[in-house]
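Note: hydrogens, waters and symmetry copies are ignored here, and every other heavy atom, side chains too, is used. Keep in mind that this is a model prediction, so the values were computed, not measured. Chain letters run A, B, ... following the sequence lines, proteins first, then strands; residues in each count from 1.
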Amino acid sequence: MSEEIIKTPTNFIREAIKEDTDSNRFNGRVHTRFPPEPNGFLHIGHAKGICISYGLAEEFGGRYNLRFDDTNPVKEEERYVESQMADIRWLGFDWGDNLFYASNYFDQLYEWAVKLIRDGKAYVDDLSPDEIREYRGTLTKPGKNSPYRDRTIEENLDLFTRMRNGEFKEGERVLRAKIDMASGNINLRDPVMYRILFSTHHRTGDKWCIYPMYDWTHGQSDSIEGITHSICDLNYEDHRPLYDWFIEQLGIYHPRQIEYARLNLTYTVLSKRWLLQLVNEGYVSGWDDPRMPTLSGLRRRGYTAQSIKNFCERIGVAKRESMIDIALLEHCIREELNKKAPRVMGVLRPLKVIIDNYPEGVTEELEAINNPEDPSMGTRKIPFSKVLYIEKDDFMEDPPKKYFRLTPGREVRLRYAYFIACTGCVKDPDTGEIIELHCTYDPTTKGGDAPDGRKVKATIHWVSAAHAIEARVRLYDYLFSKENPMDVPEGHDFKEYLNPASLEELTSCRLEPSLKNAVKGTGFQFERLGYFCVDINSTPEMVLFNRTVTLKDTWEKVQKSQNI
RNA sequence: UGGGGUGUCGUCAAGCGGUAAGACACGGGCCUUUGGAGUCCGCAUUCGGAGGUUCGAAUCCUCCCACCCCAGCCA
């Protein structure tokens with residue numbers, strides 16, 4: 001029988017490119033680009049765009065550029081170009097020498113603007129911003145021509161030169177394309193090409209006081225770079241006719257633009273403007289706060305580049321607006337870390353356990369498997385002694401149905417160690433809180449198996465009190481408690497939906513000693529709890545972990561179903 | 001009374017005239033020294049709706065409905 005062929009999931013952009021290479025449309029070339037504006041940090045929505053543009057170029061043996069669309073000096077900063085480059089590299093893409101800036105093309109763009117003026121296709125307008133808006137008309141009513149629309153070419157040339165020379169104030173004049181004020185497509189109602197901005201540009205300094213608009217820059221930049229497929233989001237579908245018009249007037253190379261629906265993720269916002277607000281107003285600790293959907297936040301949270309690329313592959317590419325369940329992102333990181341992360345034992349909320357029949361002052365070294373999914377990762381020794389810590393959750397004095405862990409009189413297994421049975425608990429006389437457990441162990445069960453074939457229903461993790469290191473652990477949850485925080489009714493603010501419990505910091509966690517010198521950024525599975533990674537601010541004196549994601553928790557479901 | 005776009009399972013998403021892939025989520029079984037992982041099973045007689053063409057339609061045609069985007073000297 002023929003072997004199963006696993007088809008790589010296709011999508012309409014891949015098909016479109018294939019059509020073009022098959023028909024030799026661009027002489028068989030495939031050349032894409034990712035064109036971020038350096039006005040914030042890249043987030044997972046950008047990762048989708050990067051994976052599409054760069055991934056497709058790689059797939060077709062083509063090339064890809066990184067171009068910063070830096071046409072608005074008032075919002076852009078050098079630090080953002082640096083962070084964006086670092087994030088793209090981290091994702092695993094290398095643009096080689098193909099690094100560009102739209103600002104590299106300012107001279108060319110200026111010349112082209114002059115050409116349009118000479119051809120009678122552009123004019124300097126003296127209308128104020130408010131007047132321009134009025135003249136533009138509305139969605140259903142056509143606009144009307146500016147009284148300055150019919151200036152002579154000579155006058156336009158003179159005025160535009162003087163704009164460039166700084167003879168006018170900001171907002172006093174603009175250069176506009178002369179297209180059609182009655183067009184159903186508002187982008188074609190004489191769009192502004194240049195505005196006056198006395199602002200220092202992070203690349204060109206004070207060379208210019210007029211800056212090209214994005215719409216006047218983007219298409220020509222792609223053209224200059226010989227881009228074959230300009231992949232962008234749906235927002236720009238309406239702009240395509242304008243880009244076409246510019247390129248046609250200029251008589252230059254014409255790339256093919258293809259639009260896709262950008263990513264939306266449940267329980268988060270993916271808008272640089274809103275993310276900036278969270279950063280600036282202190283709702284998060286910065287762009288790299290582990291709760292942020294930014295690449296730097298996800299990285300700090302413990303997400304790997306590969307898991308994000310896998311995610312981008314799985315969500316597909318289409319033109320319908322969608323909202324991806326964040327559970328899929330979590331699935332992707334669990335999937336990878338399950339295979340790669342070393343297992344380790346750590347107790348987040350410690351409860352002291354004294355093994356009454358275990359000798360005082362003795363330490364045993366027990367062998368533990370580093371990763372059951374990957375035997376090549378070997379084993380390690382962990383210390384065991386009379387006083388231990390277990391998770392508070394792993395003991396209940398009065399357990400509900402289906403609770404398998406430690407309860408008075410019940411026996412459980414300490415992972416890689418012994419069977420223990422609980423003989424009693426000590427409570428705080430004032431609060432009634434359980435502060436200490438007394439247990440006995442069965443010496444014949446060393447390693448975790450009973451020679452008599454006796455079974456236990458649960459295996460719990462633990463740490464030796466005398467050997468454990470103390471650590472801080474940050475537990476993260478969704479930043480928003482509303483599935484779609486972008487759905488904000490009139491008079492409300494998306495920040496009202498911030499999840500007050502998105503961060504919980506635990507301060508006296510006890511971890512197995514091997515973690516003392518764990519390298520920053522590395523991820524571990526804390527057995528039975530989840531995946532955690534060493535924070536960038538961790539030190540050997542004060543170890544700090546971030547919880548990347550929990551393990552799937554069947555018990556939690558059982559509890560929920562019982563509560564219903 | 002404008003222009004552009006989209007409607008297939010709870011969420012994504014294949015399908016391109018031959019009789020609804022897959023993934024996540026969800027429910028259940030098995031297995032288990034992580035209530036983890038793994039594994040097995042179930043999960044759209046139906047593709048926004050109504051007509052039509054055809055031996056045959058999610059795929060073609062017609063009309064209708066719903067939703068999204070556009071009125072920055074932002075990108």
Side-chain angles (χ1 to χ4, degrees), chain A residues 6-7 9-11 15 35-37 39 69-72 74-76 125 127-129 132-134 136-143 170-176 182-189 191-197 210-211 213-215 217-218 233-241 259 261 266 272-273 314-332 334-335 338-339 343 345 368-369 372-373 402-405 413-417 419 445 447-449 455-461 525-530 550-558:
Chain A
I6 298 163
K7 286 194 283 184
T10 190
N11 63 59
E15 305 253 293
E37 183 192 15
N39 67 343
D69 270 343
D70 52 354
T71 55
N72 185 358
V74 328
K75 288 186 177 170
E76 296 148 8
D125 197 353
L127 254 26
S128 70
I132 286 183
R133 192 174 350 99
E134 283 173 31
R136 186 154 35 222
T138 70
L139 294 176
T140 50
K141 277 182 229 123
E170 286 188 12
E172 216 168 86
R173 273 173 242 258
V174 292
L175 182 72
R176 293 230 250 169
S183 173
N185 183 340
I186 292 179
N187 294 305
L188 263 18
R189 316 237 264 230
V192 173
M193 295 164 63
Y194 276 93
R195 75 285 218 194
I196 297 168
L197 248 31
I210 56 172
Y211 289 93
M213 297 290 289
Y214 173 88
D215 278 345
T217 307
H218 190 79
D233 77 66
L234 257 25
N235 274 352
Y236 299 102
E237 208 154 21
D238 287 349
H239 297 240
R240 181 150 39 92
E259 308 86 5
T266 56
K272 271 198 273 184
R273 205 178 129 256
R314 284 182 191 241
I315 58 178
V317 183
K319 293 192 74 155
R320 57 185 98 107
E321 308 257 358
S322 61
M323 173 75 72
I324 306 286
D325 189 340
I326 198 166
L328 181 59
L329 214 213
E330 297 181 329
H331 168 81
C332 289
R334 284 191 185 108
E335 180 183 48
N338 173 50
K339 293 193 199 96
R343 315 283 128 126
M345 291 204 282
I369 295 166
E373 301 292 316
K402 291 190 178 172
Y403 182 85
F404 302 147
R405 290 109 95 161
R413 171 167 42 232
L414 292 179
R415 179 140 236 230
Y416 300 125
F419 282 13
T445 58
D449 281 312
K455 298 288 186 201
V456 288
K457 292 213 73 169
T459 299
I460 66 175
H461 60 279
Q525 184 196 102
F526 287 9
E527 294 218 29
R528 302 209 304 132
L529 298 175
T550 61
L551 245 25
K552 284 205 281 184
D553 189 348
T554 310
W555 170 238
E556 195 177 53
K557 279 182 194 168
V558 171

In whole angstrom, give the distance that lies between atom CD of A:Glu527 and atom C1' of B:rU34. 5 Å
The side chain of A:Val192 lies closest to which of these nucleotides: B:rG35, B:rC73, B:rA13? B:rC73
Sorted by position of nearest nucleotide on RNA chain B, 5' first, the leading residue of A:Lys319 and A:Gln525 is A:Lys319
Within 90° of 0 counts as syn, otherwise anti: where does B:rG42 fall? anti
Nearest listed nucleotide, side chain of A:Asn72, among B:rA13, B:rA75, B:rU34: B:rA75
Do the side chain of A:Ser322 and the main chain of A:Ile324 share a donor and acceptor less than 3.5 angstrom apart? no
Is the phosphate of B:rA75, meaning OP1 or OP2, less than 4.0 Å from a side-chain N or O of A:Thr71? yes
Mind checking A:His218 for me? I need base, sugar-phosphate or nothing, with any heavy atom below 4.0 Å counting as a touch. nothing
For atom CD of A:Glu556 and atom P of B:rC26, their distance in whole Å: 10 Å
When you measure from the side-chain N and O atoms of A:His461 to the phosphate of B:rU34, is any distance below 4.0 Å, counting only OP1 and OP2? no
OP1 or OP2 of B:rC73 under 4.0 Å from side-chain N/O of A:Arg136: yes
When rounded to the nearest Å, what value does the distance between C1' atoms of B:rC30 and B:rA37 take? 14 Å
Is a donor-acceptor pair below 3.5 Å formed from side chain A:Arg528 to base B:rG35, judging by atom type as modelled? no
Report yes or no: does A:Arg343 contribute a side-chain atom to a donor-acceptor pair with the main-chain N or O of A:Glu527 at less than 3.5 Å? no
Nearest 0.5 Å please: distance from the CG atom of A:Asn72 over to the OH atom of A:Tyr214. 13.0 Å
With P as the reference atom in both, quote the distance from B:rG15 to B:rU8 in angstrom, rounded to an integer. 15 Å
Taking any heavy-atom pair under 4.0 Å as a contact, classify A:Arg413: base, sugar-phosphate, or nothing. base
Looking across every strand, which nucleic acid part, if any, lies under 4.0 Å from A:Asp449 by heavy atom: base, sugar-phosphate, or nothing? base
Under 4.0 Å, counting only non-hydrogen atoms across every strand here, what does A:Val74 touch: a base, just sugar-phosphate, or nothing? nothing
By the 4.0 Å heavy-atom rule, please label A:Val174 as base, sugar-phosphate, or nothing. base
Within this structure, what is the CE-to-P distance between A:Met213 and B:rA71, rounded to whole angstrom? 11 Å
Interatomic distance, A:Leu175 atom CG to A:Met193 atom CE [nearest 0.5 angstrom]: 5.0 Å
How far, in whole Å, is B:rC16 from B:rC68 if one measures between their C1' atoms? 25 Å
Are A:Lys552 and B:rA37 close enough that a side-chain N or O sits under 4.0 Å from OP1 or OP2? yes
Rounded off to whole Å, could you give me the NE2-to-C1' distance for the A:His331 and B:rA13 pair? 15 Å
With heavy-atom distances below 4.5 Å as the criterion, would you say the side chains of A:Pro35 and A:His218 are in contact? yes
With sugar-phosphate meaning primed atoms plus P, OP1 and OP2, does A:Asp238 contact a base, only sugar-phosphate, or nothing at under 4.0 Å between heavy atoms? base
Between B:rA71 and A:Arg189, is there an OP1 or OP2 to side-chain N/O distance shorter than 4.0 Å? no
Pick the closest RNA chain B nucleotide for A:Leu127 and for A:Leu551 by heavy atoms, then say which residue is nearer the 5' end. A:Leu551
Describe the nucleic acid contact of A:Met345 in one word from base, sugar-phosphate, nothing, applying a heavy-atom distance below 4.0 Å. nothing
Which nucleotide sits closest to the side chain of A:Thr459: B:rA75, B:rU34, B:rC70? B:rU34
Between A:Lys455 and B:rU32, is there a contact of a side-chain N or O with OP1 or OP2 at under 4.0 Å? no
Report which part of the nucleic acid A:Tyr211 touches: base, sugar-phosphate, or nothing (heavy-atom distance under 4.0 Å, all strands). nothing
How would you label the contact of A:Thr140 with the nucleic acid (heavy atoms, under 4.0 Å): base, sugar-phosphate, or nothing? base
Quick one: is B:rU32 close enough that its OP1 or OP2 comes under 4.0 Å of any side-chain N or O from A:Lys457? no
Under 3.5 Å, is there any donor-acceptor pair linking the side chain of A:Glu15 to the base of B:rC16? yes
Atom CD of A:Glu321 and atom C1' of B:rG4: how far apart are they, to the nearest Å? 12 Å
Does any donor-acceptor pair link the side chain of A:Glu259 with the base of B:rG4 at a separation under 3.5 Å? no
Whole-Å distance, A:Ile369 CD1 to B:rA37 P, equals 17 Å
For a quick check, tell me whether the side chain of A:Asp553 and the base of B:rG35 share a donor-acceptor pair closer than 3.5 Å. no
If you look at every strand shown and take non-hydrogen atoms under 4.0 Å, does A:Lys402 touch a base, only sugar-phosphate, or nothing? base
With a 4.0 Å cut-off on heavy atoms, is A:Tyr403 in touch with a base, just the backbone sugar-phosphate, or nothing at all? base
Test item: A:Ile186 and A:Asp238 side chains (from C-beta on) under 4.5 Å apart, heavy atoms: no
Quick test of your reading of the model: are A:Lys272 and A:Glu37 salt-bridged, counting only N-O distances below 4.0 Å? no
When you compare B:rC47 with B:rG7, how far apart are their C1' atoms, in angstrom units rounded to a whole number? 10 Å
Using Watson-Crick or G-U wobble geometry with both distances below 3.5 Å, tell me the partner of B:rC31, or none. none
If we call it a pair only when both distances are under 3.5 Å in a Watson-Crick or G-U wobble match, what pairs with B:rA66? B:rU6
Listed nucleotide nearest any side-chain atom of A:Ile132, set B:rG15, B:rG36, B:rC73: B:rC73
On the nucleotide B:rG72, are OP1 or OP2 found under 4.0 Å from the side-chain N or O atoms that A:Arg133 carries? yes
Going by purine N1 to pyrimidine N3 plus the second Watson-Crick contact, or the G-U wobble pair, all under 3.5 Å, which nucleotide sits opposite B:rC60? B:rG52
Between atom CD in A:Glu237 and atom C1' in B:rG5, what is the gap in whole Å? 5 Å
Assigned partner base of B:rU45, Watson-Crick or wobble definition, under 3.5 Å: none
Classify A:Glu373 by what it touches in the nucleic acid, base, sugar-phosphate, or nothing, heavy-atom distance under 4.0 Å. base
About how many Å separate CZ of A:Phe419 and NZ of A:Lys455, when rounded to the nearest 0.5 Å? 7.5 Å
If we take the C1' atom in both B:rC12 and B:rU45, what is their distance in whole Å? 23 Å
Quote, to the nearest angstrom, the P distance that separates B:rG49 from B:rA66. 15 Å
Once you apply a heavy-atom cut-off of 4.0 Å, does A:Arg343 come out as touching a base, just sugar-phosphate, or nothing? base
Less than 4.0 angstrom between a side-chain N/O of A:Arg195 and OP1 or OP2 of B:rA75, yes or no? yes
Would you indicate which nucleotide in B:rA25, B:rA75, B:rA14 comes nearest to any side-chain atom of A:Ala327? B:rA25
Validation row: A:Arg528, A:Arg415 side chains within 4.5 angstrom (heavy atoms): no
Check every strand shown and say whether A:Leu529 touches a base, only sugar-phosphate, or nothing at a heavy-atom separation below 4.0 Å. nothing
Side chains of A:Glu556 and A:Thr550, heavy atoms from C-beta outward: is any pair under 4.5 Å? no
Round to a whole Å and report the spacing from NZ of A:Lys272 to C1' of B:rA75. 8 Å
